[in-house]
Amino acid sequence: DAKTTQPPSMDCAEGRAANLPCNHSTISGNEYVYWYRQIHSQGPQYIIHGLKNNETNEMASLIITEDRKSSTLILPHATLRDTAVYYCIASGYSGYALNFGKGTSLLVTP
Amino acid sequence: DTGVSQDPRHKITKRGQNVTFRCDPISEHNRLYWYRQTLGQGPEFLTYFQNEAQLEKSRLLSDRFSAERPKGSFSTLEIQRTEQGDSAMYLCASSFLGTEDYGYTFGSGTRLTVV
């Protein structure tokens with residue numbers, strides 16, 4: 001699976017949009033971009049995934065650049081409960097060995 | 001369905017003892033995964049099952065580790081002759097391999113401390 005690069009930490013004010021970037025310049029054509037998050041002392045939680053089109057669900061939006069070398073996870077109105085480590089993962093469809101890396105620690109402040 | 005359950009939540013054991021963890025996946029999920037997470041790191045893949053078949057094992061899974069999933073339902077992960085380096089959070093996840101991908105559902109993990 002392709003390696004991904006994320007900033008180690010970010011801050012966001014409550015109520016504002018949180019934009020979490022991810023670089024995956026070596027992603028192959030059949031690899032998807034998956035996002036998970038992990039709130040302290042819990043297991044990771046699936047958020048969203050996409051191949052090349054932008055995706056939106058009830059939790060977040062995923063914007064993938066046209067060349068697929070980077071993506072952005074958008075939490076449109078961040079709340080304190082969104083404070084977590086966010087992992088961007090490049091993987092084949094329904095991949096079995098996800099490479100989580102260290103992720104981005106997002107702190108949402110009042 | 002209450003999601004993925006793991007038991008116990010915490011385990012403290014003496015070095016050299018054997019430990020066993022249990023994972024109950026979401027009932028209709030045909031895939032089950034074990035990951036390990038140490039402090040400050042993301043989860044690392046250990047092994048996975050599709051139904052009852054163990055299809056892949058990471059090189060992290062030494063000979064002291066064994067996992068089973070009898071009848072394709074719950075799974076157990078056993079660590080023999082525990083070492084201090086085995087101290088970690090052991091996470092279980094499940095998913096359904098089908099035409100739609102809804103990602104993994106993780107349990108809350110078993111935190112192992114080897115003293």
Side-chain angles (χ1 to χ4, degrees), chain A residues 1-9 20 22 24 30-53 55-60 62 64 71 73 84-107, chain B residues 2-6 9-10 21 23-26 29-51 53-61 67 69 88-111:
Chain A
D1 295 341
K3 179 178 166 58
T4 61
T5 304
Q6 300 176 252
S9 63
L20 292 93
C22 179
H24 32 79
N30 63 349
E31 286 184 312
Y32 289 69
V33 179
Y34 290 82
W35 283 84
Y36 285 77
R37 73 179 182 184
Q38 187 171 25
I39 296 169
H40 183 60
S41 296
Q42 297 182 20
Q45 177 190 25
Y46 166 80
I47 301 173
I48 198 168
H49 75 280
L51 183 62
K52 49 187 175 182
N53 297 324
E55 302 286 346
T56 295
N57 62 20
E58 65 279 3
M59 290 184 68
L62 174 60
I64 302 174
S71 60
L73 180 76
V85 178
Y86 287 77
Y87 298 98
C88 169
I89 301 163
S91 173
Y93 184 78
S94 288
Y96 58 81
L98 301 185
N99 182 0
F100 280 81
K102 293 190 176 183
T104 295
S105 178
L106 175 68
L107 176 64
Chain B
T2 56
V4 177
S5 299
Q6 292 190 246
R9 289 295 310 274
H10 303 275
F21 310 140
C23 172
D24 287 273
I26 291 174
H29 283 182
N30 50 15
R31 277 190 167 183
L32 185 147
Y33 314 83
W34 285 98
Y35 280 73
R36 181 174 72 184
Q37 185 173 25
T38 54
L39 202 61
Q41 306 294 319
E44 296 173 295
F45 170 76
L46 291 178
T47 189
Y48 94 103
F49 294 82
Q50 187 156 314
N51 300 312
Q54 187 174 18
L55 296 186
E56 187 71 23
K57 293 193 288 188
S58 161
R59 64 179 186 279
L60 293 176
L61 214 66
R69 192 184 183 198
M89 175 77 82
Y90 289 84
L91 292 160
C92 175
S94 67
S95 69
F96 181 76
L97 178 63
T99 54
E100 293 291 330
D101 185 355
Y102 299 104
Y104 294 8
T105 301
F106 277 86
S108 295
T110 293
R111 181 167 296 285

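Just so it is clear: chains get the letters A, B, ... in the order the sequence lines come, proteins before strands, and each one is counted from 1.
Neither the backbone nor the side chain of S105(A) comes within contact range of chain B; no heavy atom of the residue lies under 4.5 Å from a heavy atom of that chain. If you measure heavy-atom distances from Q6(B) to chain A, you find no contacts under 4.5 Å at all. Y36(A) touches chain B through its side chain: at least one heavy atom from C-beta onward sits under 4.5 Å away, while N, CA, C and O do not.
Checked by atom type and distance alone, the side chain of Y104(B) pairs as donor or acceptor with a backbone atom of Y96(A) at under 3.5 Å. For Y35(B) (side chain) and L98(A) (main-chain N/O), a donor-acceptor pair under 3.5 Å exists by modelled atom type.
Of all non-hydrogen atoms in S41(A) and R9(B), the two that sit nearest each other are O-NH2, 4.0 Å. Scanning both residues, Y87(A) and Q41(B), for their nearest heavy atoms gives OH-O, 4.1 Å. Nearest approach of P44(A) to L91(B), heavy atoms of both residues: CD-CD1, 4.0 Å.
D101(B) and Y34(A) share a donor-acceptor pair across their side chains, judged by distance under 3.5 Å alone.
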